[in-house]
Structure formats: C-alpha cells, structure tokens
Amino acid sequence: MDSAVCSQCKVMFGRHNHVFKKYQQKEEDIVDTGSIINIAVIVLLLWFVYSRIRPAKGLKALSAEEFQNVMEGSEKRMLIDVREPGEYKTGYINGAKNIPLSQLSARLGEIPEDKAIFLYCRSGMRSKNAARILLKNGYTGLVHLQGGLSAWSGKLKR
C-alpha cells in the first residue's frame with residue numbers, strides 16, 4: 001500500500017512540478033533578500049561605530065604626557081574641560097575653563113579663534129565630539145587628551 005501511495009505522489013508531484021519549482025525559487029529569493037538586509041544592517045552598524053571612534057580630521061590626539069608638554073609649551077592657548085559642572089567640581093586641570101559639551105554650541109563666543117584649543121573630558125569621547133563641533137565652526141589648532149582625565153597623571157585642582 002505504501003508503494004502505491006508513493007507512486008501516486010510521484011505522479012501528482014510530476015504533474016505539478018512547475019508549481020513547486022516556482023515556490024522553491026520564491027523561497028530562495030526571500031533568503032537572498034534577507035541576506036541583503038542583514039548585510040546592510042551590519043554595514044550600517046559598523047559605519048556608526050567607526051564614525052564614533054575615528055579621529056576627527058584637524059584634531060591632534062595626544063597622550064597625557066604629550067598633552068601636558070605641548071600645553072605647557074604653548075603661550076597662546078585655552079584649556080577647556082567639556083564635562084558637566086558636577087564632574088568639573090570633582091577635579092580639573094589647573095587653568096581649565098568649564099564649557100560642557102551640552103552648552104558648547106551656544107558658548108562659542110567664549111572661545112578665541114586665534115589660540116590653540118586644548119580639550120579634555122573624562123574618557124576622551126566628549127572632547128572628540130567637542131572638537132568636531134569646533135572644527136565645523138572654523139576653529140583650528142585643536143588638541144584633545146586621548147583617554148581623558150582617566151589617562152591623566154598630573155595634579156588636579158579642586
């Protein structure tokens with residue numbers, strides 16, 4: 001009996017084989033479309049991560065020691081701490097002015113364009129973002145402390 005059913009199935013599938021081939025083709029197209037969407041999502045995610053960590057053009061990223069040496073050797077400079085006021089009060093590099101990243105665009109008038117601008121934050125991410133804002137507004141001579149205060153070994157003023 002089983003062989004009779006199987007032979008009937010073969011006959012039925014044989015007659016409608018073109019339907020199954022079309023269905024199979026559509027299924028393959030769906031897989032291809034799904035793969036393309038997955039690849040696109042991965043590419044966008046990688047681009048987003050890269051855009052966050054890549055160095056900004058026109059910004060010097062210096063180690064703590066280099067930052068201190070270059071800053072001390074520069075007469076025409078402004079040191080900006082881009083952390084929030086509460087963070088600033090916990091300790092800052094002597095001579096730093098607190099202009100939080102969240103207020104930077106509104107306070108550009110306080111930043112001279114003819115001086116070297118030294119930026120820092122806690123980890124280096126906000127100072128890099130601050131540099132991007134300043135670069136878009138025509139500032140040059142930007143330096144940021146790579147690793148932020150977490151990498152700083154000098155004294156902090158409280």
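Note that the structure is a prediction, hence the values are computed from the model and not measured.
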Going by heavy atoms in the side chains, are [X] and [Y] under 4.5 Å from each other?
X	Y	value
Leu44	Ile42	no
Gln146	Phe67	no
Leu156	Tyr92	no

Quiz prompt | Closest heavy-atom pair and its distance - Arg83, Gly91 | solution =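 Taking every non-hydrogen atom into account, NH2-O, 2.6 Å.
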Quiz item: More than 12 foreign heavy atoms under 6.0 Å from CD of Glu65: is that the case here?
Solution: no
Does one hydrophobic cluster hold both [X] and [Y], with members joined at side-chain heavy-atom distances below 4.5 Å?
X	Y	value
Val70	Met78	no
Tyr88	Phe118	yes
Leu135	Ile99	yes
Met71	Ile117	no
Trp152	Leu62	yes

Practice problem: Sequence neighbours left out, what pairs pass salt bridge (Lys or Arg N to Asp or Glu O under 4.0 Å) with at least one residue falling in residues 94-111? | Solution: Lys97-Glu110, Arg107-Glu110
Quiz item: Are Tyr120 and Asp81 linked by a side-chain donor-acceptor pair shorter than 3.5 Å?
Solution: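 Checked: Tyr120/Asp81 side chains pair up, N/O donor to acceptor below 3.5 Å.
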Self-check item: Salt-bridge contact Glu87-Arg126 (side-chain N to carboxylate O under 4.0 Å)
Solution: yes
Tell me if a side-chain donor or acceptor on [X] pairs with a main-chain N or O of [Y] at a distance below 3.5 Å.
X	Y	answer
Ser123	Gly148	no
Tyr139	Ile111	yes
Glu72	Asn69	no
Ser127	Gly124	yes

Spacing of [atom1] belonging to [X] relative to [atom2] belonging to [Y], to within rounding of 0.5 Å:
X	Y	atom1	atom2	value
Lys128	Leu101	NZ	CG	13.0 Å
Thr140	Asp114	OG1	CG	9.5 Å
His144	Met125	NE2	CE	9.0 Å
Asn129	Leu104	CG	CG	10.5 Å
Glu66	Leu145	CD	CG	10.5 Å
Ile133	Leu142	CD1	CG	11.5 Å

Practice problem: Could you walk me through whether Leu149 and Ile93 pass side-chain contact (heavy atoms from CB on, under 4.5 Å), step by step? | Solution: CA-CA 9 Å; Leu149 277 184; Ile93 298 173; 3.9 Å; yes
